[in-house]
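Inspection log for the structure reproduced underneath, given as structure tokens.
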There are 2 protein chains.
Amino acid sequence: MAHVKEGFEDGPGGGGPFDSLAFLLSQLGFVASRGFHQALLPLGIEPRHFLLMRHVLRDEGRSQQSLGEMLRIPPSRMVALVDQLEERGLLERRANPSDRRARALFVTPAGRRLMGKAFQVAIEHNARIGETLSAEERSRLIALLQKLAAENGLLMGVHPGLTGDDPKAAS
Amino acid sequence: MAHVKEGFEDGPGGGGPFDSLAFLLSQLGFVASRGFHQALLPLGIEPRHFLLMRHVLRDEGRSQQSLGEMLRIPPSRMVALVDQLEERGLLERRANPSDRRARALFVTPAGRRLMGKAFQVAIEHNARIGETLSAEERSRLIALLQKLAAENGLLMGVHPGLTGDDPKAAS
DNA sequence: TATTGTTATACTCTATAACTATA
DNA sequence: TATAGTTATAGAGTATAACAATA
């Protein structure tokens, strides 16, 4: 382990900077998640609700299961999420005429209004994260991260943290 | 929300790519964390143990509380973490002659051997994450992330996910 | 009286699997 | 017999606060 260049230069025994790509990504990802979570607090929803609502908005009338499969959220978790959003009057479960077992999901007018605000929050949060970089730095950074995301099989708009494959701890 | 350039171009109503800086960071951070967690599985420890051991290694003999303050881990959580590592024979609580309330932490020889392997795992994991980038892309990416980390008040080697300020959900 | 570490308790989140109603 | 959704249950992880030993 003496020939490594980026990060871990300190080796097993010592101190030194811990500036590996993996660690930086993990740290910054955590900060980004936490920041968005906090930014949404005034609206009374969490990032997972935002993400789910966003996908319902994109294709209203789908069943819970169909959405759950796409976002890789297990059924019982979908029930809880939709319950929370329905109680708050943001989402609606309607009957599906062609299959009375299924529940078609729709966003209510209140849900639409709230999502408008939530998008605003997301935009502001996003701007805040990158505000210390120049426009050019920012776009180069985004391009590099996109390349990394593509190589790691990430789907745009589907956050792996929603799937329940919990990393458990930090790194 | 019509004048924004990076990410969120789709607006409240629509679909489209979700390639904001914040979302990319959150996604990739999650993937990096999860990957490291899985890479450590064969060694029987988790990233939090690795991080804690690493700090004990750096300055042996410190008290639990002193370490907990530095890493911002609450006392009862420190007890659980140290318990787990002590049961596995990787860490030792020794008496502190000058203050018999405090417990001085030391890494055992087995702990040292395991940390050697864990560093190797970390190095390999780090290399895997960035392997699709060229050396130049990689160093540019790291430089940009470091700048971002500095601006967001991140401490090198201290992962915010260890502090218990849970983001709760993803995004 | 304050502090270090520990333990007890309660709470949240989650997955698993049983269950119901439809198909 | 299979499927969509729900509910019940049990497990892990956490924080809070009470506690014991020592200062």
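In what follows, chains carry the letters A, B, and so on, assigned in the order in which the sequence lines appear, proteins first and then strands, with residues in each chain numbered from 1. What you are looking at is a predicted structure, and each value in this text was computed from that prediction instead of being measured. In what follows, every heavy atom counts, from backbone to side chain, and hydrogens, waters and symmetry copies are set aside.
- Between the CZ atom of A:R62 and the P atom of D:dA4 there is a distance of 13 Å, rounded to whole Å.
- Taking atom CG on A:N96 and atom P on D:dT3, their separation rounds to 17 Å, with Å as the unit.
- Panel note: side chain A:E46, backbone A:H37; no donor-acceptor pair is recorded below 3.5 Å.
- Side-chain atoms of B:S33 come within 3.5 Å of backbone atoms of B:G29 as a donor-acceptor pair (strictly under, hydrogens ignored).
- Heavy-atom nearest nucleotides on DNA chain C were determined for A:S98 and for B:M78, and the one closer to the 5' end corresponds to B:M78.
- Rounded to whole Å, atom P of C:dG5 lies 8 Å from atom CG of B:L105.
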Intermediate values then yes/no, side-chain contact (heavy atoms from CB on, under 4.5 Å), B:L105 and B:E92: CA-CA 6 Å; B:L105 297 182; B:E92 242 179 34; over 6 Å; no
Criterion side-chain contact (heavy atoms from CB on, under 4.5 Å) on A:L141 and B:L145, from CA distance to verdict: CA-CA 8 Å; A:L141 176 55; B:L145 292 175; 4.0 Å; yes
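- Closest to the A:V79 side chain, of the nucleotides D:dA15, C:dT6, D:dT7, is D:dT7.
- Interatomic distance, A:I123 CD1 to A:N126 CG, rounded to the nearest 0.5 Å: 8.5 Å.
- Rounded to whole Å, the distance from CD1 on B:I73 to P on C:dT6 is 14 Å.
- Where A:A80 and B:D99 each meet DNA chain D at their nearest nucleotide, the meeting point lying more 5' is that of A:A80.
- Protein atom CD of B:E46 is 12 Å distant from nucleotide atom P of D:dA12, rounded to whole Å.
- In this structure, B:L67 places its CG atom 14 Å from C1' of C:dT4, rounding to the nearest Å.
- Under the 30°/60° scheme for interplanar angles, the aromatic rings of B:F36 and B:H125 are found to lie parallel.
- Distance alone, capped at 3.5 Å, places no donor-acceptor pair between the A:N96 side chain and the A:R103 backbone.
- Per the geometry, CG belonging to B:L81 stands 10 Å off P belonging to D:dA15, to the nearest Å.
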Distances under 3.5 Å between nitrogen or oxygen atoms of protein and nucleotides 18-21 of chain D:
none

Watson-Crick and G-U pairing of DNA chain C written in dot-bracket, each distance under 3.5 angstrom, with | for inter-strand partners: |||||||||||||||||||||||
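- Not a single donor-acceptor pair under 3.5 Å links the side chain of A:H55 to the backbone N or O of A:L52.
- A donor-acceptor pair under 3.5 Å links the side-chain atoms of B:T108 to the main chain of B:G89, judged by distance alone.
- With hydrogens and angles ignored, a donor-acceptor pair under 3.5 angstrom links the side chain of A:S76 to the base of C:dT16.
- Between B:R77 atom CZ and D:dA17 atom C1' the separation is 17 Å, expressed in whole Å.
- When each of D:dA4, C:dG5, D:dA15 is scored by its nearest atom to the side-chain atoms of A:A102, the top-ranked nucleotide is D:dA4.
- Without hydrogens or angle criteria, B:R94 side chain to B:A104 main chain gives no donor-acceptor distance under 3.5 Å.
- The side chain of B:Q65 contributes an N or O atom lying less than 4.0 Å from OP1 or OP2 of C:dT4.
- Side chain of B:R103, nearest nucleotide from D:dT6, C:dG5, D:dG13: C:dG5.
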